[in-house]
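Right, one structure below, let's go through it.
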Amino acid sequence: MIAKAGKPFKEGEFIRKCMLQAASIVCPEKKGQFSNISLSANTVAERISDLSGNIYDQLREKAKHFRAYSVALDESTDITDTAQLAMYVRGVDDNFEVMEELLTVIPMHGQTTAQEIFRQLCDTIVDAGLPWKRFAGITTDGAPSVTGRRNGLVALVQRKLEEEGVEEAIALHCIIHQQALCSKCLTFDNVMSVVVKCINHIRSRGLKHRQFRAFLEEIESAYEDVLYFTEAHWLSRGNVLKRFFELRAEVKAFMEKNGMAVPVLSDPKWLMDLAFLVDITQELNKAQLSQTNLCHFPACKALMDVGTPFSGVPTYTKYADAIVKLQEEFDHRFADFKTQRATFQIFADPFSFDVQDASPVLQMELIDLQCNSELKAKFRELFSTMNFNKSKYRSKLTDEHLQAILRVSTASSLKPNLAQLCERKRCQVSGSKE
């Protein structure tokens with residue numbers, strides 16, 4: 001951050017100036033108090049750690065009342081090439097209040113073996129005061145160290161539960177990872193490589209990006225920009241492909257204008273492959289495709305409408321076979337979800353669940369629930385989700401500070417007790433003066 005005079009702000013000075021300006025408008029009588037607040041990097045990090053610790057204390061207190069809980073684990077490598085193991089917990093108490101929070105983030109500086117991940121999981125469960133006898137489920141990615149039948153993490157967890165005399169937990173694979181794996185059966189890398197190359201050329205360079213946006217504005221395009229592609233969220237690539245497809249003429253003209261012609265953007269066969277990928281992320285209807293009925297394949301139909309051929313056995317067979325492979329891959333990858341379909345459905349929407357399909361011990365309670373119109377209305381209103389996000393600009397944080405800032409930023413049902421923290425600080429200050 002640069003000051004008006006061309007000199008960099010001192011540590012915390014910019015934030016302080018913003019706070020003082022806001023205070024002078026909102027509460028000018030307290031402006032002097034803001035000027036005495038320390039905003040050094042160490043102080044800010046310490047306060048975030050305090051907030052994180054307070055949230056974690058509340059989490060441990062809530063955990064004492066869980067009737068059942070499950071954990072979700074995901075491993076990713078940060079910008080410093082350190083493997084970070086994130087653990088979430090979802091618990092429900094006797095009042096059916098569900099809480100989902102980040103449990104911990106653990107740096108894995110050594111090998112990320114199943115035994116090491118299991119050891120970290122055990123330590124985390126003990127530290128959080130979560131009893132194994134209430135462990136109900138575990139969700140992971142599809143890494144071999146996790147899913148190995150004999151020595152994978154899931155197998156080690158099931159073995160631990162058996163030793164504790166607890167019923168086997170429900171083990172699932174993360175849907176996002178499974179989607180990404182399913183996409184590998186489609187052999188359309190010739191399309192994605194070109195799309196990603198064009199998008200990266202346009203969006204990864206500030207000047208090119210501004211020129212492209214100005215170009216679209218100049219020709220009065222219906223869109224203002226192309227979208228970035230995310231490898232992990234495979235099904236969400238439909239938005240990227242759809243935008244690219246609809247801007248294919250503009251992208252072609254812009255790339256040629258910048259001396260980077262992309263010949264395949266004029267190739268009818270390549271364009272049909274692109275159109276198929278656009279549509280496949282929206283529909284999985286093989287029968288209509290085989291009959292050259294493109295009512296559910298609008299991108300393919302758009303090319304046909306402008307003269308691109310889509311007929312003959314080789315064309316529709318190629319795409320129909322791709323859909324068959326994809327469906328088979330979905331069936332294989334999501335088999336564990338299918339075995340738990342009834343369990344999921346009764347909790348996902350108990351008001352629509354067929355009572356006859358429920359366990360006999362739950363049927364009477366389920367009937368009473370479905371007859372309660374007030375609870376049904378509340379259920380429809382209170383469904384919510386949570387997102388996890390980690391910024392690339394936090395690469396210099398220590399392991400402890402990274403965990404603290406993630407816990408504070410992702411907390412949903414728990415909030416730091418600021419009054420308690422402030423009172424503790426006052427006691428520390430007065431104690432040091434004495």
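The figures here come from the full heavy-atom set of this structure, side chains too, leaving out hydrogens, waters and symmetry mates.
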Counting only heavy atoms not in Arg60, do more than 12 fall under 6.0 Å of its CZ? yes

Arg248 atom CZ, neighbour heavy-atom count above 12 within 6.0 Å: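 More than 12 within 6.0 Å, yes.
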
Within the structure provided, determine whether [X] and [Y] are in side-chain contact (heavy-atom separation under 4.5 Å).
X      : Y      : answer
Leu59  : Val89  : yes
Tyr56  : Thr104 : no
Lys160 : Val166 : no
Leu216 : Leu247 : yes
Lys62  : His65  : no
Tyr88  : Leu103 : no

Under the 3.5 angstrom rule, does the side chain of [X] hit a backbone N or O of [Y] as a donor-acceptor pair?
X      : Y      : answer
Asn54  : Asn417 : yes
Glu217 : Glu224 : no
Asp74  : Ala86  : no
Thr124 : Gln120 : yes
Asp273 : Asn190 : no
Asn258 : Met260 : no
Asp354 : Gln356 : yes

Inter-residue atom distance [X].[atom1] - [Y].[atom2], 0.5 Å rounding:
X      : Y      : atom1 : atom2 : answer
Met255 : Lys208 : CE    : NZ    : 9.0 Å
Ile106 : Asp123 : CD1   : CG    : 7.5 Å
Leu303 : Leu274 : CG    : CG    : 7.5 Å
Glu116 : Leu153 : CD    : CG    : 11.5 Å
Asn95  : Arg67  : CG    : CZ    : 10.5 Å
Leu265 : Glu250 : CG    : CD    : 11.5 Å

Test side chain to side chain contact (heavy atoms under 4.5 Å, CB included) on Ile219 and Phe254; report intermediate values, then the result. CA-CA 11 Å; Ile219 63 175; Phe254 182 79; over 6 Å; no

Can you name the nearest heavy-atom pair linking [X] to [Y], along with the distance?
X      : Y      : value
Phe245 : Ala275 : CE1-CB, 3.8 Å
Val98  : Arg90  : CG1-CG, 3.8 Å
Pro131 : Gly129 : CD-O, 3.4 Å
Ala253 : Phe215 : CB-CZ, 3.9 Å
Leu51  : Pro416 : CD2-CB, 3.6 Å
Ala128 : Ala63  : O-CB, 3.8 Å

With side chain to side chain contact (heavy atoms under 4.5 Å, CB included) as the criterion, how do Asp225 and Arg203 come out once you've worked through the C-alpha distance, each side chain's angles and the decisive distance to 0.1 Å? CA-CA 9 Å; Asp225 207 347; Arg203 296 211 53 164; 3.9 Å; yes

Mind running side chain to side chain contact (heavy atoms under 4.5 Å, CB included) on Phe276 and Val191 for me, showing each step along the way? CA-CA 10 Å; Phe276 173 72; Val191 174; over 6 Å; no

Across all chains, not counting sequence neighbours, the side chain to side chain contact (heavy atoms under 4.5 Å, CB included) partners of Glu162 are none

Those residues that, when tested against Val126, pass side chain to side chain contact (heavy atoms under 4.5 Å, CB included) (two or more places apart):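 Not a single residue meets the side chain to side chain contact (heavy atoms under 4.5 Å, CB included) criterion with Val126.
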
Any chance you could lay out the salt bridge (Lys or Arg N to Asp or Glu O under 4.0 Å) test for Glu163 and Arg159, step after step, and finish with the verdict? CA-CA 6 Å; Glu163 294 173 359; Arg159 204 172 301 156; over 6 Å; no

Apply side chain to side chain contact (heavy atoms under 4.5 Å, CB included) to residues Leu207 and Arg210 and explain how you reach the verdict. CA-CA 5 Å; Leu207 177 60; Arg210 291 193 297 272; 3.9 Å; yes

Residue pairs passing the ring pair (Phe, Tyr, Trp, His ring centres under 6.0 Å) test with at least one member in residues 111-136, sequence neighbours excluded, are Tyr69-Phe135, Trp132-Phe135

